[in-house]
2 protein chains.
Amino acid sequence: MLTKELSLDETLMALSDPTRRAILKRLSSGEARVTELAQPFSMSLNAVSKHIRVLERAHLVRRRRDGREHLLSINPEPLDEVANWIVTQRRLWTARLDALDELLKAEDRAASKASKKKGEKHER
Amino acid sequence: MLTKELSLDETLMALSDPTRRAILKRLSSGEARVTELAQPFSMSLNAVSKHIRVLERAHLVRRRRDGREHLLSINPEPLDEVANWIVTQRRLWTARLDALDELLKAEDRAASKASKKKGEKHER
DNA sequence: ACATTATTCAACCACTTGGTTGAGTATAAT
DNA sequence: ATTATACTCAACCAAGTGGTTGAATAATGT
(Lines give C-alpha, C1' and ligand atoms only; values in the text may rest on other atoms or scores of the structure.)
Protein backbone atom coordinates (compact mmCIF):
# COMPACT_ATOMS: atom_id res chain seq x y z
CA MET A 1 0.00 0.00 0.00
CA LEU A 2 2.91 2.34 0.57
CA THR A 3 0.63 4.83 2.28
CA LYS A 4 3.18 6.99 4.00
CA GLU A 5 1.55 9.43 6.33
CA LEU A 6 -1.11 10.73 3.99
CA SER A 7 -2.89 13.41 5.94
CA LEU A 8 -6.45 14.29 5.06
CA ASP A 9 -5.84 17.67 6.64
CA GLU A 10 -2.99 18.58 4.39
CA THR A 11 -4.56 17.14 1.28
CA LEU A 12 -7.81 19.03 1.69
CA MET A 13 -5.99 22.19 2.62
CA ALA A 14 -3.77 21.93 -0.44
CA LEU A 15 -6.80 21.41 -2.64
CA SER A 16 -8.68 24.35 -1.19
CA ASP A 17 -6.79 26.90 -3.27
CA PRO A 18 -7.91 27.62 -6.85
CA THR A 19 -4.39 28.28 -8.11
CA ARG A 20 -3.26 24.92 -6.81
CA ARG A 21 -6.23 23.15 -8.34
CA ALA A 22 -5.43 24.83 -11.65
CA ILE A 23 -1.85 23.63 -11.39
CA LEU A 24 -3.05 20.11 -10.80
CA LYS A 25 -5.39 20.34 -13.75
CA ARG A 26 -2.53 21.51 -15.90
CA LEU A 27 -0.43 18.60 -14.69
CA SER A 28 -3.10 16.11 -15.61
CA SER A 29 -1.97 16.46 -19.20
CA GLY A 30 1.59 15.52 -18.28
CA GLU A 31 4.77 16.65 -16.63
CA ALA A 32 5.70 20.32 -16.60
CA ARG A 33 8.49 22.56 -15.40
CA VAL A 34 7.97 25.24 -12.79
CA THR A 35 8.18 28.08 -15.32
CA GLU A 36 5.66 26.39 -17.56
CA LEU A 37 3.30 26.00 -14.66
CA ALA A 38 3.74 29.61 -13.64
CA GLN A 39 3.21 31.05 -17.10
CA PRO A 40 -0.62 31.23 -17.19
CA PHE A 41 -0.83 32.99 -13.83
CA SER A 42 -0.48 36.67 -13.14
CA MET A 43 1.45 36.12 -9.94
CA SER A 44 5.21 35.85 -9.58
CA LEU A 45 7.19 32.72 -10.29
CA ASN A 46 8.08 32.51 -6.63
CA ALA A 47 4.45 32.44 -5.62
CA VAL A 48 3.83 29.50 -7.92
CA SER A 49 6.94 27.81 -6.61
CA LYS A 50 5.47 28.06 -3.13
CA HIS A 51 2.16 26.62 -4.27
CA ILE A 52 4.02 23.72 -5.75
CA ARG A 53 5.79 23.13 -2.50
CA VAL A 54 2.43 22.97 -0.74
CA LEU A 55 1.20 20.41 -3.24
CA GLU A 56 4.39 18.47 -2.74
CA ARG A 57 4.01 18.52 1.02
CA ALA A 58 0.57 17.00 0.53
CA HIS A 59 2.09 14.38 -1.79
CA LEU A 60 -0.16 15.51 -4.61
CA VAL A 61 2.75 16.22 -6.92
CA ARG A 62 6.15 14.67 -7.31
CA ARG A 63 9.34 16.39 -8.36
CA ARG A 64 11.99 15.00 -10.65
CA ARG A 65 15.12 17.00 -11.36
CA ASP A 66 16.74 16.96 -14.77
CA GLY A 67 19.63 19.37 -14.89
CA ARG A 68 18.40 22.76 -13.85
CA GLU A 69 14.81 21.90 -14.65
CA HIS A 70 12.42 20.55 -12.03
CA LEU A 71 9.79 18.39 -13.62
CA LEU A 72 6.54 18.13 -11.73
CA SER A 73 4.05 15.35 -12.10
CA ILE A 74 0.83 14.40 -10.42
CA ASN A 75 0.32 11.73 -7.80
CA PRO A 76 -3.34 10.77 -7.55
CA GLU A 77 -2.96 8.64 -4.47
CA PRO A 78 -4.03 11.18 -1.83
CA LEU A 79 -7.17 11.83 -3.80
CA ASP A 80 -8.28 8.33 -3.00
CA GLU A 81 -8.15 9.06 0.66
CA VAL A 82 -10.28 12.15 0.21
CA ALA A 83 -12.72 10.40 -2.09
CA ASN A 84 -12.94 7.61 0.41
CA TRP A 85 -13.72 9.94 3.28
CA ILE A 86 -16.31 11.77 1.26
CA VAL A 87 -18.25 8.76 0.09
CA THR A 88 -18.16 7.24 3.56
CA GLN A 89 -19.41 10.38 5.22
CA ARG A 90 -21.94 11.15 2.59
CA ARG A 91 -23.35 7.68 2.89
CA LEU A 92 -23.75 8.15 6.63
CA TRP A 93 -25.32 11.56 6.26
CA THR A 94 -27.72 10.69 3.52
CA ALA A 95 -28.64 7.41 5.19
CA ARG A 96 -29.67 9.42 8.18
CA LEU A 97 -31.44 12.02 6.04
CA ASP A 98 -33.15 9.35 3.97
CA ALA A 99 -34.42 7.74 7.15
CA LEU A 100 -35.77 11.11 8.22
CA ASP A 101 -37.26 11.56 4.79
CA GLU A 102 -39.00 8.23 5.00
CA LEU A 103 -40.34 9.17 8.38
CA LEU A 104 -41.68 12.44 7.02
CA LYS A 105 -43.27 10.72 4.07
CA ALA A 106 -44.90 8.22 6.39
CA GLU A 107 -46.24 11.05 8.48
CA ASP A 108 -47.44 12.77 5.36
CA ARG A 109 -49.37 9.72 4.36
CA ALA A 110 -50.85 9.42 7.81
CA ALA A 111 -51.70 13.11 7.83
CA SER A 112 -53.33 13.13 4.42
CA LYS A 113 -55.29 10.06 5.37
CA ALA A 114 -56.40 11.78 8.53
CA SER A 115 -57.28 15.16 7.02
CA LYS A 116 -58.58 14.01 3.60
CA LYS A 117 -58.06 17.53 2.30
CA LYS A 118 -56.23 18.14 -0.95
CA GLY A 119 -54.00 21.12 -1.67
CA GLU A 120 -52.61 21.37 1.81
CA LYS A 121 -49.03 22.66 1.85
CA HIS A 122 -46.18 20.92 3.59
CA GLU A 123 -43.42 22.82 5.32
CA ARG A 124 -40.05 23.32 3.62
CA MET B 1 -30.95 22.92 -8.60
CA LEU B 2 -30.90 25.67 -5.98
CA THR B 3 -27.09 25.73 -6.05
CA LYS B 4 -26.47 29.09 -4.48
CA GLU B 5 -22.83 30.02 -4.76
CA LEU B 6 -21.32 26.80 -3.57
CA SER B 7 -17.62 27.46 -3.54
CA LEU B 8 -15.22 24.56 -3.83
CA ASP B 9 -12.63 26.73 -2.12
CA GLU B 10 -14.66 27.27 0.99
CA THR B 11 -15.94 23.73 1.14
CA LEU B 12 -12.50 22.16 0.93
CA MET B 13 -11.08 24.67 3.35
CA ALA B 14 -13.85 23.98 5.84
CA LEU B 15 -13.25 20.25 5.52
CA SER B 16 -9.49 20.56 6.01
CA ASP B 17 -9.75 20.86 9.78
CA PRO B 18 -10.02 17.71 11.92
CA THR B 19 -12.23 19.35 14.53
CA ARG B 20 -14.68 20.39 11.87
CA ARG B 21 -14.69 16.95 10.30
CA ALA B 22 -15.37 15.49 13.74
CA ILE B 23 -18.26 17.87 14.18
CA LEU B 24 -19.72 16.79 10.87
CA LYS B 25 -19.31 13.17 11.81
CA ARG B 26 -21.12 13.82 15.05
CA LEU B 27 -23.90 15.57 13.14
CA SER B 28 -24.36 12.60 10.84
CA SER B 29 -26.25 10.91 13.65
CA GLY B 30 -28.67 13.79 13.87
CA GLU B 31 -29.20 17.37 15.01
CA ALA B 32 -27.23 18.70 17.94
CA ARG B 33 -26.93 21.87 19.98
CA VAL B 34 -23.73 23.89 20.12
CA THR B 35 -22.92 22.80 23.67
CA GLU B 36 -23.44 19.17 22.77
CA LEU B 37 -21.10 19.54 19.84
CA ALA B 38 -18.48 21.25 21.97
CA GLN B 39 -18.58 18.73 24.79
CA PRO B 40 -16.14 16.11 23.41
CA PHE B 41 -13.47 18.68 22.61
CA SER B 42 -10.90 20.11 24.94
CA MET B 43 -11.18 23.59 23.48
CA SER B 44 -13.50 26.34 24.61
CA LEU B 45 -17.14 26.60 23.61
CA ASN B 46 -16.33 29.74 21.71
CA ALA B 47 -13.76 27.95 19.59
CA VAL B 48 -16.32 25.35 18.60
CA SER B 49 -18.85 28.07 17.91
CA LYS B 50 -16.36 29.56 15.47
CA HIS B 51 -15.79 26.22 13.79
CA ILE B 52 -19.51 25.89 13.34
CA ARG B 53 -19.68 29.28 11.75
CA VAL B 54 -17.03 28.20 9.25
CA LEU B 55 -19.04 25.09 8.41
CA GLU B 56 -22.12 27.26 8.05
CA ARG B 57 -20.33 29.66 5.73
CA ALA B 58 -19.46 26.67 3.55
CA HIS B 59 -23.12 25.58 3.69
CA LEU B 60 -22.11 22.27 5.21
CA VAL B 61 -24.33 22.75 8.24
CA ARG B 62 -27.62 24.51 8.76
CA ARG B 63 -28.80 26.28 11.88
CA ARG B 64 -32.29 26.22 13.30
CA ARG B 65 -33.10 28.21 16.41
CA ASP B 66 -35.47 26.94 19.00
CA GLY B 67 -35.65 29.26 21.94
CA ARG B 68 -32.17 29.74 23.26
CA GLU B 69 -30.91 26.58 21.64
CA HIS B 70 -29.31 26.56 18.23
CA LEU B 71 -29.84 23.23 16.51
CA LEU B 72 -27.27 22.32 13.92
CA SER B 73 -27.82 19.83 11.15
CA ILE B 74 -25.83 18.63 8.21
CA ASN B 75 -26.27 19.62 4.60
CA PRO B 76 -24.58 17.10 2.30
CA GLU B 77 -25.05 19.14 -0.87
CA PRO B 78 -21.60 20.76 -1.03
CA LEU B 79 -20.02 17.34 -0.71
CA ASP B 80 -21.42 16.48 -4.11
CA GLU B 81 -19.51 19.30 -5.65
CA VAL B 82 -16.28 18.12 -4.07
CA ALA B 83 -16.92 14.48 -4.96
CA ASN B 84 -17.68 15.56 -8.48
CA TRP B 85 -14.47 17.49 -8.82
CA ILE B 86 -12.45 14.65 -7.39
CA VAL B 87 -13.78 11.91 -9.60
CA THR B 88 -13.47 14.11 -12.67
CA GLN B 89 -9.90 15.07 -11.92
CA ARG B 90 -8.87 11.63 -10.88
CA ARG B 91 -10.23 10.18 -14.07
CA LEU B 92 -8.16 12.63 -16.07
CA TRP B 93 -5.03 11.98 -14.07
CA THR B 94 -5.19 8.25 -14.03
CA ALA B 95 -6.14 8.11 -17.69
CA ARG B 96 -2.99 10.01 -18.42
CA LEU B 97 -0.91 7.89 -16.06
CA ASP B 98 -2.33 4.68 -17.44
CA ALA B 99 -1.38 5.80 -20.94
CA LEU B 100 2.11 6.58 -19.72
CA ASP B 101 2.25 3.23 -18.02
CA GLU B 102 1.33 1.49 -21.24
CA LEU B 103 4.00 3.43 -23.05
CA LEU B 104 6.62 2.47 -20.51
CA LYS B 105 5.67 -1.17 -20.66
CA ALA B 106 5.91 -1.07 -24.44
CA GLU B 107 9.34 0.52 -24.21
CA ASP B 108 10.41 -2.04 -21.68
CA ARG B 109 9.48 -4.81 -24.04
CA ALA B 110 11.31 -3.10 -26.90
CA ALA B 111 14.37 -2.44 -24.74
CA SER B 112 14.66 -5.97 -23.42
CA LYS B 113 14.28 -7.24 -26.93
CA ALA B 114 16.99 -4.87 -28.18
CA SER B 115 19.61 -5.27 -25.45
CA LYS B 116 19.07 -8.91 -24.55
CA LYS B 117 21.11 -8.27 -21.41
CA LYS B 118 19.69 -9.02 -18.03
CA GLY B 119 20.26 -6.90 -14.91
CA GLU B 120 20.27 -3.58 -16.72
CA LYS B 121 18.87 -0.81 -14.60
CA HIS B 122 16.21 1.67 -15.72
CA GLU B 123 16.27 5.21 -14.49
CA ARG B 124 14.05 5.96 -11.53
C1' DA C 1 35.23 33.11 -18.63
C1' DC C 2 30.74 35.25 -18.80
C1' DA C 3 25.98 35.80 -19.25
C1' DT C 4 21.50 33.52 -19.30
C1' DT C 5 18.13 30.48 -17.58
C1' DA C 6 15.73 27.68 -14.05
C1' DT C 7 14.91 27.46 -9.77
C1' DT C 8 15.11 27.97 -4.66
C1' DC C 9 15.97 30.58 -0.25
C1' DA C 10 15.18 34.40 2.89
C1' DA C 11 13.04 38.30 4.54
C1' DC C 12 9.16 40.87 4.62
C1' DC C 13 4.03 42.22 4.43
C1' DA C 14 -1.13 42.11 4.92
C1' DC C 15 -4.56 39.01 5.95
C1' DT C 16 -6.58 34.77 7.79
C1' DT C 17 -6.91 31.06 11.14
C1' DG C 18 -7.57 28.79 15.32
C1' DG C 19 -7.47 29.59 19.68
C1' DT C 20 -8.12 32.44 24.07
C1' DT C 21 -10.84 35.55 27.54
C1' DG C 22 -14.44 38.78 28.86
C1' DA C 23 -18.58 40.85 28.15
C1' DG C 24 -23.28 41.04 26.03
C1' DT C 25 -28.06 39.16 24.73
C1' DA C 26 -31.76 36.22 24.80
C1' DT C 27 -34.47 32.57 26.85
C1' DA C 28 -35.76 29.51 30.74
C1' DA C 29 -36.09 28.19 35.56
C1' DT C 30 -36.69 29.49 40.52
C1' DA D 1 -37.14 39.84 40.00
C1' DT D 2 -33.07 37.13 40.12
C1' DT D 3 -30.24 33.68 38.57
C1' DA D 4 -28.75 30.23 35.44
C1' DT D 5 -28.27 28.58 30.75
C1' DA D 6 -27.26 28.80 25.72
C1' DC D 7 -25.23 31.16 22.87
C1' DT D 8 -22.88 35.16 20.19
C1' DC D 9 -19.88 39.25 19.67
C1' DA D 10 -15.55 41.71 20.22
C1' DA D 11 -10.87 42.14 21.12
C1' DC D 12 -6.75 40.02 21.30
C1' DC D 13 -2.72 36.77 20.14
C1' DA D 14 0.43 33.39 17.92
C1' DA D 15 1.03 30.99 13.94
C1' DG D 16 0.05 30.15 9.16
C1' DT D 17 -1.11 31.73 4.20
C1' DG D 18 -0.48 33.93 -0.07
C1' DG D 19 1.79 37.16 -2.00
C1' DT D 20 5.95 40.34 -2.87
C1' DT D 21 11.10 41.50 -3.82
C1' DG D 22 16.03 40.60 -3.78
C1' DA D 23 19.68 37.57 -3.56
C1' DA D 24 21.82 32.83 -3.93
C1' DT D 25 22.71 28.46 -6.36
C1' DA D 26 23.29 25.60 -10.08
C1' DA D 27 23.21 24.15 -14.94
C1' DT D 28 23.42 25.67 -19.89
C1' DG D 29 24.70 28.51 -23.82
C1' DT D 30 28.11 31.69 -26.03
Asks: Could you list the residues that satisfy salt bridge (charged side-chain N to carboxylate O under 4.0 Å, His left out) with B:Arg26, not counting sequence neighbours?
Replies: none

Asks: Please list residues of residues 63-71 of chain B whose heavy atoms come under 4.0 Å from any atom in DNA chain D, ordered by number; otherwise none.
Replies: B:Arg63, B:Arg68, B:Glu69, B:His70

Asks: Counting C-beta onward and ignoring hydrogens, is there a side-chain heavy-atom pair between A:Arg33 and A:His70 closer than 4.5 Å?
Replies: no

Asks: Polar atom pairs between nucleotides 17-20 of chain C and protein, under 3.5 Å, N or O only, would you list them?
Replies:
from	atom 1	to	atom 2	distance (Å)
C:dG18	OP1	B:Arg20	NH2	3.2
C:dG18	OP2	B:Arg20	NH1	2.9
C:dG19	OP2	B:His51	NE2	2.1
C:dG19	N7	B:Lys50	NZ	3.0
C:dG19	O6	B:Lys50	NZ	2.1
C:dT20	OP1	B:Ser44	N	3.3
C:dT20	OP2	B:Ser44	N	2.8
C:dT20	OP2	B:Ser44	OG	2.7

Asks: What integer distance in Å separates B:Glu36:CD from D:dA6:C1'?
Replies: 11 Å

Asks: Between B:Arg62 and B:Glu56, is there a salt bridge with N-O shorter than 4.0 Å?
Replies: no

Asks: Expressed as a whole number of angstroms, how long is the span from A:Gln39:CD to C:dA6:P?
Replies: 12 Å

Asks: Within the distance-only criterion (no hydrogens, no angle test), does the side chain of B:Asn75 pair as donor or acceptor with the backbone N or O of B:His59 below 3.5 angstrom?
Replies: yes

Asks: Grab the CG-C1' distance between A:Asp9 and D:dG16 for me, whole Å please.
Replies: 14 Å

Asks: In residues 47-54 of chain A, what donor-acceptor pairs under 3.5 Å come from side-chain atoms, sequence neighbours left out?
Replies:
from	atom 1	to	atom 2	distance (Å)
A:His51	ND1	A:Arg20	NH1	3.1

Asks: In chain order, what residues pass the salt bridge (charged side-chain N to carboxylate O under 4.0 Å, His left out) check against A:Arg68, with sequence neighbours excluded?
Replies: none

Asks: Do we see a donor-acceptor contact under 3.5 Å between the side chains of A:Glu81 and A:Trp85?
Replies: no

Asks: A:Arg33 side chain: which of D:dT8, C:dA6, C:dT8 is closest?
Replies: C:dA6

Asks: Using the test salt bridge (charged side-chain N to carboxylate O under 4.0 Å, His left out), find all partners of B:Arg64 that sit at least two apart in sequence or belong to another chain.
Replies: B:Glu31

Asks: Within this structure, what is the CG-to-P distance between B:Leu37 and D:dA6, rounded to whole angstrom?
Replies: 13 Å

Asks: Starting from P on D:dG18, measure out to CD1 on A:Ile52 and report it in whole angstrom.
Replies: 14 Å

